[in-house]
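Just so it is clear: chains get the letters A, B, ... in the order the sequence lines come, proteins before strands, and each one is counted from 1.
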Protein chains: 2
Amino acid sequence: MTSVNSLTVDELGSAAQRDRRKRILDATIALASKGGFDAVQMRAVAERADVALGTLYRYFPSKIHLLVSALAREFERAEATLRDKPIPGDNAADRVIFVLKKTTRGMQGDPHLTEALTRAFMFADKSVQSEIHIVGMLLTTMLTRAMHPGQTELTDDDVAIAKVLGDVWLSALVGWVTGRSSAEEVGQQIEVAVRLLLR
Amino acid sequence: MTSVNSLTVDELGSAAQRDRRKRILDATIALASKGGFDAVQMRAVAERADVALGTLYRYFPSKIHLLVSALAREFERAEATLRDKPIPGDNAADRVIFVLKKTTRGMQGDPHLTEALTRAFMFADKSVQSEIHIVGMLLTTMLTRAMHPGQTELTDDDVAIAKVLGDVWLSALVGWVTGRSSAEEVGQQIEVAVRLLLR
DNA sequence: GACATAATAGGAACACGTTTCACTTTGTCC
DNA sequence: GGACAAAGTGAAACGTGTTCCTATTATGTC
């Protein structure tokens, strides 16, 4: 529980450790935002965060862990923001579309960052399992909440639909990152999937 | 059109070039099958294919290009096999499930190869666009044919459904590769998505 | 068949993720 | 406040993807 490289923000550890962790993730986001996946070089992250390379690796055992952890932090922020205000829309489909498009728009506003985080997420292997799982849960939570605001009991179908929508959204994002589809096409893909699943 | 590192099998080029290309892809598959993504080392591929490192890079400009091209060749084979015999199943849902599960089973029979090819596909960036596109088209074609055998005219909804199913399948595969879900769960995810979409 | 051109071989060199190690600083417990 | 362990520093070194260069070998043209 005192593990330093755990993911949740409210983790134990000294103030200095929390500060280092924050500086590292800030540096990661800044570099990713400027030049994408390739620009997030471990030596550069360490220098910008003002820690030694060895310290960086003590906090995050690999570049992929680092980027997926940064993604998890961004998702936690987005989820927290979304949790406060009610989601506009008269039905589940509209609310889900609102959430997904808003998130997508946010990511497309910073293409390099999105490229870095998406590719890291998709490239991860078994060793990043727990970090990946956190992101997956946050995504499912966001979607089920959009489908049924304020509802705690969910049917199996609800969860299944949320997972399928999450899959579609991730695949669409990968398509956008790889230049196969435009921003509008990503929006369309999501709308189509929502329409097919939540009619 | 005479470009050596194009993807289609029936490409132009001398017999020697076709032979080299085949040897390289064979070596790639063999190494991937034995040790996964990490085992596909460019020096090892070159040595096993009996070509110089520079030649390997002339044919495939990066490790990702190489692996995605190998994936495309495997997909072309699978698609060709599937094209011949009729797909069992009384309705679209059953036939799609048959195709996806058969393909999934094939991939899970060679976990290392699947890991290598899936991770390469997901890690690809814009420079691999055309190779990635070929794989995507093959997947969509396989699925629409399973939905409507022998039918050339397809509605927009058919294509949209096929794309969503392809997305779910890819995401499920990534989940399996990252150790988040078991083989059975992959099968279940697919069944659920098909049931939701093709009811 | 001789020549021009392209393709290949062989290998050095470079970049960046990762590991390692000797040393120093920081934090904790008595 | 001293001793000890944990954490951090700084730098070297290693592995593998990628690039580059020169000599050699095929290939196609007249």
Side-chain angles (χ1 to χ4, degrees), chain A residues 1-6 11-25 27-28 31-32 34-70 116 119-120 123-125 127-128 131, chain B residues 1-6 11-24 27-28 31-32 34-70 116 119-120 123-125 127-128:
Chain A
M1 196 56 94
T2 51
S3 139
V4 167
N5 59 1
S6 171
E11 191 60 42
L12 297 180
S14 72
Q17 281 172 343
R18 279 198 306 277
D19 193 52
R20 274 202 179 80
R21 185 185 159 83
K22 177 177 186 308
R23 288 208 313 273
I24 291 172
L25 289 177
T28 302
L31 288 169
K34 197 185 299 178
F37 187 88
D38 291 342
V40 181
Q41 302 186 355
M42 299 305 269
R43 291 173 179 84
V45 171
E47 187 175 2
R48 182 164 189 137
D50 203 32
V51 298
L53 191 55
T55 306
L56 172 53
Y57 274 93
R58 169 185 291 273
Y59 279 72
F60 301 96
S62 79
K63 175 169 172 171
I64 298 295
H65 281 82
L66 174 60
L67 281 165
V68 175
S69 298
R119 286 180 70 203
F123 188 58
D125 64 3
S127 71
V128 202
E131 286 86 346
Chain B
M1 194 59 93
T2 52
S3 140
V4 167
N5 59 0
S6 170
E11 191 60 40
L12 297 180
S14 73
Q17 281 172 343
R18 280 198 305 277
D19 192 52
R20 274 202 178 79
R21 186 185 158 82
K22 177 178 185 310
R23 288 208 311 273
I24 291 172
T28 303
L31 288 169
K34 197 185 299 179
F37 186 89
D38 291 341
V40 181
Q41 301 188 354
M42 299 304 269
R43 290 171 180 85
V45 171
E47 187 174 2
R48 182 164 189 138
D50 204 32
V51 298
L53 190 56
T55 306
L56 172 53
Y57 272 94
R58 168 184 292 273
Y59 280 72
F60 301 95
S62 79
K63 173 170 172 172
I64 299 295
H65 281 84
L66 174 60
L67 281 165
V68 176
S69 298
R119 288 181 69 201
F123 189 58
D125 65 3
S127 72
V128 201

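Nearest-nucleotide positions on DNA chain C place B:Arg20 closer to the 5' end than the other of A:Ser62 and B:Arg20. When each of B:Gly54 and A:Ile64 is assigned the nucleotide of DNA chain C bearing its nearest heavy atom, the one mapping closer to the 5' terminus is B:Gly54.
Here the C1' atom of nucleotide D:dT9 and the CD1 atom of A:Ile24 are 13 Å apart, to the nearest Å. In this structure, NZ of A:Lys63 is placed 13 Å from C1' of D:dG17, rounded to the nearest angstrom. Residue B:Asp50 contributes atom CG, which lies 13 Å from atom P of C:dT8 at whole-angstrom precision. One atom, CD of A:Glu47, and another, P of D:dG10, lie 11 Å apart when rounded to the nearest Å. The separation between A:His65 atom NE2 and C:dT19 atom P is 11 Å, rounded to whole Å. Atom pair B:Phe60:CZ and D:dG17:P shows a separation of 16 Å (rounding to whole Å applied).
Applying the side-chain contact (heavy atoms from CB on, under 4.5 Å) criterion to A:Ala44, with sequence neighbours excluded, gives A:Leu31, A:Gln41. The ring pair (Phe, Tyr, Trp, His ring centres under 6.0 Å) search around B:Phe123 returns A:Phe37, A:Phe123, not counting sequence neighbours. With sequence neighbours excluded, the residues forming a side-chain contact (heavy atoms from CB on, under 4.5 Å) with B:Ala16 are B:Ser14, B:Arg20, listed by chain and number. Partners of A:Asp19 according to the salt bridge (charged side-chain N to carboxylate O under 4.0 Å, His left out) rule, which considers only residues two or more places apart in sequence or in another chain, are A:Arg23. With sequence neighbours left out, the side-chain hydrogen bond (donor to acceptor under 3.5 Å, both in side chains) criterion links A:Ser62 to A:His65. Scored by the salt bridge (charged side-chain N to carboxylate O under 4.0 Å, His left out) test, B:Arg119 finds B:Glu115 as partners (sequence neighbours excluded). Taking B:Lys22 as the reference, B:Asp26 meet the salt bridge (charged side-chain N to carboxylate O under 4.0 Å, His left out) condition, with sequence neighbours excluded.
Distances shown here put a side-chain N or O of A:Tyr59 below 4.0 Å from the OP1 or OP2 atom of D:dG8.
Atom CG of A:Leu56 and atom CZ of A:Arg43 lie 11.0 Å apart (nearest 0.5 Å).
Proximity of residues 35-44 of chain A to DNA chain D (heavy atom under 4.0 angstrom from any strand atom) is restricted to A:Arg43.
Closest approach to the A:Tyr57 side chain among C:dT18, D:dT9, C:dG10 is made by C:dT18 (side chain taken as heavy atoms from C-beta onward). Here the nucleotide nearest the side chain of A:Arg58, chosen from D:dA7, D:dT18, D:dA12, is D:dA7. Of the candidates D:dT9, D:dG17, C:dA12, the closest approach to any side-chain atom of B:Leu53 belongs to C:dA12. Candidate nucleotides C:dA7, D:dG8, D:dT18 were compared by shortest atom distance to the side chain of A:Thr55, and D:dG8 ranks first.
Contact record, B:Ala116 with B:Gly36: CB-C, 3.8 Å, taken as the closest heavy-atom pair. Nearest heavy-atom pair across A:Val45 and A:Ala27 is O-CB, 3.9 Å.
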After noting the C-alpha distance and the side-chain angles of A:Met42 and A:Leu66, does the key distance pass the side chain to side chain contact (heavy atoms under 4.5 Å, CB included) rule? CA-CA 9 Å; A:Met42 299 305 269; A:Leu66 174 60; 4.0 Å; yes
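At its two ends the helix from C:dG1-D:dC30 to C:dC30-D:dG1 runs along axes set 20° apart, each axis drawn from five pairs and the angle rounded to 10°.
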Please tabulate the protein-to-nucleotide N/O contacts below 3.5 Å involving nucleotides 24-30 of chain C, giving atom names and distances.
none

